[in-house]
Every structure is written in structure tokens, then in C-alpha cells.
Number of protein chains: 2
Amino acid sequence: MVVDTELTDDEVDRIFRALADSTRRDIVRRTLVQETSVSTLAGAYDMSFAAVSKHVAVLERAGLVTKHASGRERLVRGNPESIRRAQRLLDAYEQIWRERISRLDALLESDSTTD
Amino acid sequence: MVVDTELTDDEVDRIFRALADSTRRDIVRRTLVQETSVSTLAGAYDMSFAAVSKHVAVLERAGLVTKHASGRERLVRGNPESIRRAQRLLDAYEQIWRERISRLDALLESDSTTD
DNA sequence: AGTATCTACAACCATTTGGTTATACGTTAC
DNA sequence: GTAACGTATAACCAAATGGTTGTAGATACT
């Protein structure tokens with residue numbers, strides 16, 4: 001029973017888009033280590049709270065972090081499963097390349113054995 | 001003698017940004033399988049040659065494809081090394097998470113052995 | 001030589017992005 | 001109750017993105 005892991009193009013777009021910003025990558029890093037409130041995160045960067053809050057929202061829409069309320073705070077937690085999903089996407093590209101190499105190898109093989 | 005594999009934030013931005021578009025991901029897929037001219041690629045999508053040419057340029061700036069001239073054509077080839085570079089980036093995030101888990105495990109261990 | 005093909009690039013346009021400040025609302029502390 | 005804190009969201013802005021058409025340069029074909 002394999003859990004469905006297929007992603008729509010839009011979901012993949014959101015994941016890579018979310019990772020294409022160094023502030024957001026840093027938020028992912030920090031919140032993988034330890035869950036952190038939005039305001040604590042905001043204190044770490046030279047930009048407004050609203051800007052950081054938006055970055056967190058982008059990550060949340062991509063599934064890279066989750067948020068849960070704790071009193072008035074919103075604790076942000078990195079989602080390792082979504083990182084693995086992104087890894088699998090890249091693995092698929094590597095696999096495509098490897099298959100090409102296999103085909104080229106097979107071709108050379110069959111050439112050398114042509115009678 | 002390890003080849004320097006460090007990437008600047010901007011380079012990482014470009015890699016993930018380039019992957020955040022399904023047309024570009026498809027170009028990477030196709031050109032990993034076989035090198036392909038820009039005009040052949042353009043024929044595969046419902047958009048102008050100029051638009052596809054721009055997508056290729058985005059991928060090239062990110063290092064995900066290389067281009068070389070062959071007569072009047074420009075052949076585009078997927079760059080497996082840059083894919084691996086991106087994989088390593090994601091691996092680093094997974095590693096961070098694993099380290100957290102290790103620390104939590106170690107903490108539980110030390111708790112249970114407190115005297 | 002002349003024409004068709006492949007490409008690059010400029011100019012333009014609408015939309016998205018990444019930032020800002022200001023406002024409003026729920027929660028905590030006093 | 002009121003002040004302070006944490007957050008979300010709206011309105012706004014400049015820059016980047018993803019598309020277009022048009023022009024022009026190389027290369028190939030006949």
C-alpha cells in the first residue's frame with residue numbers, strides 16, 4: 001500500500017519557488033532544528049515582521065513548514081516529509097540521466113558485438 | 001582534492017527558481033535524455049520561440065543546461081552535475097532534521113539514565 | 001544571389017513577487 | 001480594564017517574471 005506521492009505541476013512549482021529565496025531557506029533550516037514563533041523568526045532578519053510573515057506563508061503553501069497556534073504565538077515547524085518529496089523530484093531527473101547513459105552503454109555493447 | 005562545490009545564495013536562488021516552472025522542468029527532462037535544438041524544443045510547447053528561448057536562457061544561467069552551437073542551431077543539453085548539486089542542497093536539509101532527531105534521542109537517553 | 005531557417009534581442013505588457021506601512025484583532029500581563 | 005505583544009491582512013510600490021511581436025544576424029538550401 002503505497003501512499004500516493006504524486007504532485008501536480010502547481011505543487012512542484014510552489015515547492016521550488018519557495019526554496020528559491022535565501023530568507024525562506026533559512027527559515028526552513030531553523031524550523032527543522034526547532035519550532036520557532038513567527039516573531040522570533042522576524043527578529044533574525046533585517047526586514048519587517050509582515051515580510052517574514054509572508055515568507056512563512058509562502059513556505060506553508062508549499063508544504064515546507066506547518067504552523068500551529070500556541071497562545072498568541074504561531075509556532076512554525078519545518079516539514080521533513082516535503083523536503084523528501086523535493087528530493088524525490090530531483091532523484092527522478094538523475095534517474096532520467098542514468099537511463100540515458102545505460103542506453104548509450106547498451107548501444108556501444110551491441111555495436112561491439114555486431115556480426 | 002575535492003572540487004569546490006560551494007554555491008552562493010544567488011546561485012542556489014537561480015537553480016530553484018529555474019526549476020519552479022513546468023515548461024523549464026520539461027526542457028530539463030528532454031535535454032537530459034537527448035540534446036535538442038532550441039527550435040525543436042519550441043515546437044513542443046504552445047508558446048512562441050522567443051518564450052522558449054528565454055526559458056532556456058533561465059536554465060542556462062542556473063547551470064541546469066548547457067548550449068553549444070552546431071551550424072545555425074543551438075543544441076541544449078541537460079547538465080546532470082547541476083541536478084546533483086541541487087540534490088546535495090536538499091540532502092543538507094534532511095541532515096539537519098536528522099541531527100535534530102538524534103539530539104532528541106540523546107536527550108531521552110540521558111533522561112532515562114538520570115540518577 | 002536569393003530565400004528559408006535558426007537564433008538573439010529589444011520593446012512592450014500584464015501579472016507576480018518581495019518589500020513597506022498601517023490597521024485590526026486575539027492573547028497575555030499587570 | 002488596559003496596555004503590550006503576536007499575528008494577519010490590506011493597500012501600496014518597485015522590480016522581476018513570463019509572455020508577446022518585431023527586427024536583424026548567421027547559416028543552410030537551391
Side-chain angles (χ1 to χ4, degrees), chain A residues 8-31 34-79, chain B residues 8-31 34-78 86:
Chain A
T8 67
D9 276 351
D10 280 355
E11 286 168 333
V12 179
D13 286 3
R14 278 196 291 273
I15 290 172
F16 285 128
R17 193 75 190 69
L19 290 171
D21 179 281
S22 67
T23 301
R24 287 196 293 262
R25 285 192 301 275
D26 196 65
I27 291 173
V28 169
R29 237 175 270 129
R30 285 170 186 266
T31 60
Q34 180 171 24
E35 67 179 12
T36 308
S37 72
V38 180
S39 60
T40 301
L41 287 171
Y45 308 107
D46 188 23
M47 65 182 74
S48 68
F49 172 90
V52 174
S53 178
K54 276 192 186 181
H55 280 308
V56 170
V58 169
L59 291 167
E60 200 180 9
R61 263 176 259 128
L64 288 163
V65 304
T66 56
K67 245 188 321 188
H68 66 275
S70 174
R72 61 187 162 183
E73 292 186 328
R74 297 290 177 275
L75 296 180
V76 182
R77 186 191 323 218
N79 179 6
Chain B
T8 66
D9 276 350
D10 279 356
E11 287 168 331
V12 178
D13 286 2
R14 278 196 290 272
I15 291 173
F16 285 128
R17 192 73 192 70
L19 289 171
D21 178 283
S22 66
T23 300
R24 287 197 293 260
R25 285 191 302 274
D26 196 66
I27 291 173
V28 169
R29 238 176 268 127
R30 285 172 186 267
T31 59
Q34 181 171 24
E35 66 179 11
T36 309
S37 73
V38 180
S39 59
T40 301
L41 287 171
Y45 309 106
D46 187 24
M47 66 183 74
S48 68
F49 172 89
V52 174
S53 177
K54 277 191 188 184
H55 280 309
V56 171
V58 170
L59 290 167
E60 201 181 10
R61 263 176 262 127
L64 287 162
V65 304
T66 57
K67 247 188 319 188
H68 66 275
S70 172
R72 61 185 163 185
E73 293 186 327
R74 296 292 177 276
L75 297 180
V76 182
R77 187 193 321 220

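In what follows, chains are A, B, ... by sequence order, proteins preceding strands, each numbered from 1. Computed over heavy atoms, backbone and side chain alike; hydrogens, waters and symmetry mates excluded.
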Visitor: By side chain to side chain contact (heavy atoms under 4.5 Å, CB included), which residues pair with A/V38, not counting sequence neighbours?
Guide: A/F49, A/S53, A/K67, A/R74, A/V76

Visitor: Hey, can you pull the residues of residues 21-29 of chain B with a non-hydrogen atom under 4.0 angstrom from DNA chain D?
Guide: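 Only B/R24 qualify.
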
Visitor: Which residues within residues 55-73 of chain A lie with some heavy atom under 4.0 Å of an atom in DNA chain C?
Guide: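 Under 4.0 Å from DNA chain C: A/H55, A/G71, A/R72.
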
Visitor: Taking only residues two or more places apart in sequence, or in another chain, which ones meet B/S70 in a side chain to side chain contact (heavy atoms under 4.5 Å, CB included)?
Guide: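 Only B/L75 meet the side chain to side chain contact (heavy atoms under 4.5 Å, CB included) criterion with B/S70.
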
Visitor: Using side chain to side chain contact (heavy atoms under 4.5 Å, CB included) as the criterion, list what pairs up with B/D46, not counting sequence neighbours.
Guide: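 Here no residue qualifies.
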
Visitor: Going by the rule side-chain hydrogen bond (donor to acceptor under 3.5 Å, both in side chains), which residues pair with A/S22 if we only count those two or more places apart in sequence or in a different chain?
Guide: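 side-chain hydrogen bond (donor to acceptor under 3.5 Å, both in side chains) list for A/S22, sorted by chain: empty.
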
Visitor: Between residues 34-41 of chain B and DNA chain C, which residues have a heavy-atom gap below 4.0 Å?
Guide: B/S37, B/V38, B/S39

Visitor: With sequence neighbours excluded, tell me which residues meet side-chain hydrogen bond (donor to acceptor under 3.5 Å, both in side chains) with A/D26.
Guide: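 Result, side-chain hydrogen bond (donor to acceptor under 3.5 Å, both in side chains) vs A/D26: A/R29, A/R30, A/Y45.
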
Visitor: By the 4.0 Å heavy-atom rule, please label B/S48 as base, sugar-phosphate, or nothing.
Guide: base

Visitor: Under the side chain to side chain contact (heavy atoms under 4.5 Å, CB included) rule, collect the residues that match up with A/E11, sequence neighbours excluded.
Guide: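 By the side chain to side chain contact (heavy atoms under 4.5 Å, CB included) rule, A/E11 matches A/L7, A/T8, A/R14.
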
Visitor: Listed in order of residue number, which residues of residues 9-19 of chain B have a non-hydrogen atom at under 4.0 Å from DNA chain C?
Guide: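 Hits under 4.0 Å, by residue number: none.
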
Visitor: Using the salt bridge (Lys or Arg N to Asp or Glu O under 4.0 Å) criterion, which residues pair with B/E73? Sequence neighbours excluded.
Guide: none

Visitor: Which part of the nucleic acid, if any, lies within reach of A/A42 when heavy atoms closer than 4.0 Å are counted: base, sugar-phosphate only, or nothing?
Guide: nothing

Visitor: Angle between the two end axes of the helix from C/dA1-D/dT30 to C/dC30-D/dG1, five base pairs per end, rounded to 10 degrees?
Guide: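 Answer for the end axes of this duplex: 20°.
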
